[in-house]
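Atoms considered below: every heavy atom in the structure, side chains included; atoms not considered: hydrogens, waters and symmetry mates. Start at 1 with the first residue, then count along the sequence.
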Amino acid sequence: MEKINIKHTIMQIRNLFLLVILASVLSCAEKVEPVAPEVGQLPKVEYRESSVTLPINFDIRQLQNMLNTKIPKGLVHHAINPISGLSNSDIHIYRNDPIGFTVQENKLRFTIPIKITAYGAKRKNIFGLGTITKTGRGEAFTVIFLDVNLSLNQDYSFTASTNLDYDLKKAKIRISLLGDLGRFVGDPHASISIRSFVRPKIDDAIKKALPDLNGLIQNELNKFNLRETVQKYWTESGKPVEVDENVWISSNPKSIQLNNISSDGKTANIKVGLSSVLKLKVGNQPETFDSEVPNIEINQLEEGHFNIYLPTVIQFSELQNKINEEVSGKTYISEDNEHKVTINNVRIYGSNITNSRVVIGIDFKGKVGGIFNKSLKGILWFNVLPVYNPETGIVSLEDLEFTPETDNVIADKAIPWLLDKFYMNEFLDKAKIDLSSEIDKHKNTLNNEFSEIELDNLTIFGSLEDLVFEGFRIEQNQLSLIVAARGSLNSTFKE
């Protein structure tokens with residue numbers, strides 16, 4: 001009997017030992033350690049450019065004076081007996097009045113007034129009684145157009161091509177040969193069309209006086225150094241402008257465009273557009289962008305407008321600290337009371353590998369209810385999508401998803417209850433950031449301080465129209481909202 005009791009006791013001790021070992025194994029926390037997402041290469045943001053029009057004027061009167069000097073003045077041509085049908089004729093072509101100037105489309109048009117006088121004599125048989133000779137005089141006024149077609153090259157030099165055009169609708173002279181007696185004898189007169197006569201004579205006179213008219217006009221126009229003028233404003237536009245205390249508009253000039261040429265009768269006006277990326281920055285003075293002005297782009301210039309990007313940035317370290325203060329050490333229980341998750345701390349950073357989403361890492365401890373209270377510990381990785389509400393100014397994190405690596409580990413470890421994410425509800429609520437007051441402050445600064453800015457003798461007038469949210473830029477350490485303040489820009493030069 002005593003021998004049997006000893007054997008039974010040994011069996012009990014062995015079973016108890018096995019149970020202790022099993023309980024110890026089961027009670028050890030199973031590790032959950034999926035690979036953390038990589039940072040990768042972050043995408044480049046394409047910022048919309050702002051454009052201000054520089055109404056650059058250059059005095060055309062110097063060119064006008066040169067033409068007035070070079071083109072023959074006074075009697076341009078004299079012809080004797082050029083008109084058939086008359087016994088005698090005499091024509092004079094004069095340029096006495098000054099040359100005028102205007103602009104049509106992209107053409108400089110110089111108007112050259114011309115006066116033509118004519119003398120004519122005609123013999124007339126009077127009822128077979130004999131012939132008489134009567135003379136008459138007449139005059140006509142017409143205009144010759146010297147059109148200068150301008151094109152601006154990418155290196156800011158002008159190319160000119162000229163063309164002579166004529167308004168010869170009135171280039172006809174009627175010479176009455178008998179005065180009042182003409183009504184009794186058929187009103188003999190000479191009606192002289194001078195179109196075919198005047199045009200070649202004027203062409204010859206101008207070509208003789210100005211054999212290289214295109215080159216002469218081109219050289220005269222290029223005395224106005226457009227590149228030098230544009231370079232001055234290009235350099236000025238690259239300097240930051242302080243619009244409030246420690247609040248700056250940073251300007252990075254990008255391109256120059258040409259629109260068209262107009263005139264006020266004295267000057268030629270060239271509209272040059274200067275495009276740059278504008279950002280509002282708070283703190284120390286931003287860098288100055290100093291470079292050579294690029295070649296000009298010949299295209300249709302848009303009206304002056306601005307897109308000023310606001311400095312709305314969320315630092316992940318600050319967001320991480322804020323959330324850790326709220327949730328670190330807290331335990332969350334599932335609805336069926338079978339599972340517990342305690343959040344130790346939270347990590348947040350940006351990753352391009354996950355389609356430019358924000359990465360959330362949860363260092364946790366978990367416990368499954370039951371006989372053995374199985375434990376887990378490790379880290380869970382999530383991707384979240386930042387969402388901005390323009391009406392409230394609040395940024396929130398939504399579309400919470402496990403990373404693929406975390407999904408695989410949960411499946412391998414057979415712990416599907418973690419997929420419920422009950423432990424993340426408070427996290428998402430605490431992760432909301434209200435930027436409304438910050439954005440309103442920037443908006444008020446632009447409304448008050450950007451209405452008039454002076455660059456050298458150029459005054460720029462800005463008018464804010466609206467704020468447009470264009471998206472996010474997610475970097476490793478921060479989340480930037482791309483919010484553009486949009487409006488119109490006009491400019492004038494001080495005399």
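- Here the side chains of N252 and L278 are not in contact, with every heavy-atom distance at 4.5 Å or above.
- No side-chain heavy atom of L226 sits less than 4.5 Å from a side-chain heavy atom of E228.
- Counting heavy atoms from C-beta outward, I314 and Q478 have side chains that stay 4.5 Å or more apart.
- In this structure, E245 CD and T445 OG1 are separated by 11.5 Å, a value rounded to the nearest 0.5 Å.
- Taking 4.0 Å as the cut-off between side-chain N and carboxylate O, E470 and R486 count as a salt-bridged pair.
- Between F469 and F472, the ring planes are perpendicular. Angles over 60° get that label, and only those under 30° would be called parallel.
- Side chain of N214 to backbone of T162: a donor-acceptor contact under 3.5 angstrom is found.
- The closest side-chain donor-acceptor pair between E242 and Q285, if any, does not fall under 3.5 angstrom.
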Test log, rule ring pair (Phe, Tyr, Trp, His ring centres under 6.0 Å), inputs F316 and Y349:
CA-CA 6 Å; F316 287 137; Y349 65 88; 8.2 Å; no

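- The backbone N or O of L213 lies less than 3.5 Å from no partner atom in the side chain of K70, so there is not a single donor-acceptor pair.
- S275 pairs with exactly one of Q257, H305, K254 by the side chain to side chain donor-acceptor pair (under 3.5 Å) rule, that one being Q257.
- Between the W234 side chain and the S291 main chain, a donor and an acceptor come within less than 3.5 Å of each other.
- To the nearest 0.5 Å, atoms OG1 (T53) and CG (L489) are separated by 8.5 Å.
- Around the CD atom of E465, the shell of radius 6.0 Å holds more than 12 heavy atoms that belong to other residues, nucleotides or ligands.
- Residues A160 and I217 share a closest heavy-atom pair of CB-CG2, 4.1 Å.
- One distance of note links OG of S237 with NZ of K232; it measures 13.0 Å at 0.5 Å rounding.
- Relative ring orientation between F306 and F450 is described as perpendicular, the plane-to-plane angle rising above 60° on a 0-90° scale split at 30° and 60°.
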Report the C-alpha distance between D204 and H77 in whole Å, list the side-chain angles of each, state the deciding distance to 0.1 Å, and finish with yes or no for side chain to side chain donor-acceptor pair (under 3.5 Å).
CA-CA 10 Å; D204 290 344; H77 183 74; over 6 Å; no

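- Judged by distance alone, with hydrogens and angles left aside, the side-chain atoms of D212 form a donor-acceptor pair with the main-chain N or O of G215 at under 3.5 Å.
- N307 and R48 get closest at one heavy-atom pair: ND2-CB, 3.8 Å.
- Looking at every heavy atom in both residues, E49 comes nearest to V277 through CG-CG2, 4.1 Å.
- Residues passing the side-chain contact (heavy atoms from CB on, under 4.5 Å) test with N295 are Q154, R227, sequence neighbours excluded.
- Ion pair D147/R109 flagged as a salt bridge, since at least one NZ, NE, NH1 or NH2 atom sits closer than 4.0 Å to an Asp/Glu carboxylate oxygen.
- Distance check, rounded to the nearest 0.5 Å: CD1 of I80 to CG of D90 gives 5.5 Å.
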Starting from the C-alpha separation in whole Å, work towards a yes-or-no answer on ring pair (Phe, Tyr, Trp, His ring centres under 6.0 Å) for F110 and F145.
CA-CA 6 Å; F110 295 93; F145 301 115; over 10 Å; no

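- Atom CD1 of I249 sits about 4.0 Å away from atom CD1 of I308, to the nearest 0.5 Å.
- A donor-acceptor pair under 3.5 Å is absent between the side-chain atoms of N246 and the main chain of V282, judged by distance alone.
- In this structure the side chain of I71 reaches within 4.5 angstrom of the side chain of R95, judged on heavy atoms.
- At distances below 3.5 Å, not a single donor-acceptor pair connects side-chain atoms of W381 with backbone N or O atoms of F402.
- A 4.5 Å side-chain heavy-atom check between I144 and L164 finds at least one atom pair inside the cut-off.
- The shortest heavy-atom contact between P294 and Y156 is O-OH, 2.7 Å.
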Would T288 and D290 count as a side chain to side chain donor-acceptor pair (under 3.5 Å) if you check the C-alpha gap in whole Å, the side-chain angles of each, and the deciding distance to 0.1 Å?
CA-CA 6 Å; T288 294; D290 188 8; over 6 Å; no

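- At least one side-chain heavy atom of F101 sits less than 4.5 Å from a side-chain heavy atom of L108.
- You'll find the side chain of D165 stays beyond 4.5 Å of the side chain of L146, heavy atoms only.
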Show the numbers, then the answer: is there a side chain to side chain contact (heavy atoms under 4.5 Å, CB included) between L221 and L63?
CA-CA 7 Å; L221 289 171; L63 177 57; 4.0 Å; yes

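- Interatomic distance, N225 CG to Q231 CD, rounded to the nearest 0.5 Å: 10.5 Å.
- Looking only at distances, a side-chain donor or acceptor of N81 sits under 3.5 Å from a matching main-chain atom of S89.
- Residues S396 and L428 fail the side-chain proximity criterion, which asks for heavy atoms closer than 4.5 Å.
- Between the side chain of S157 and the backbone N or O of N153 there is no donor-acceptor pair closer than 3.5 Å.
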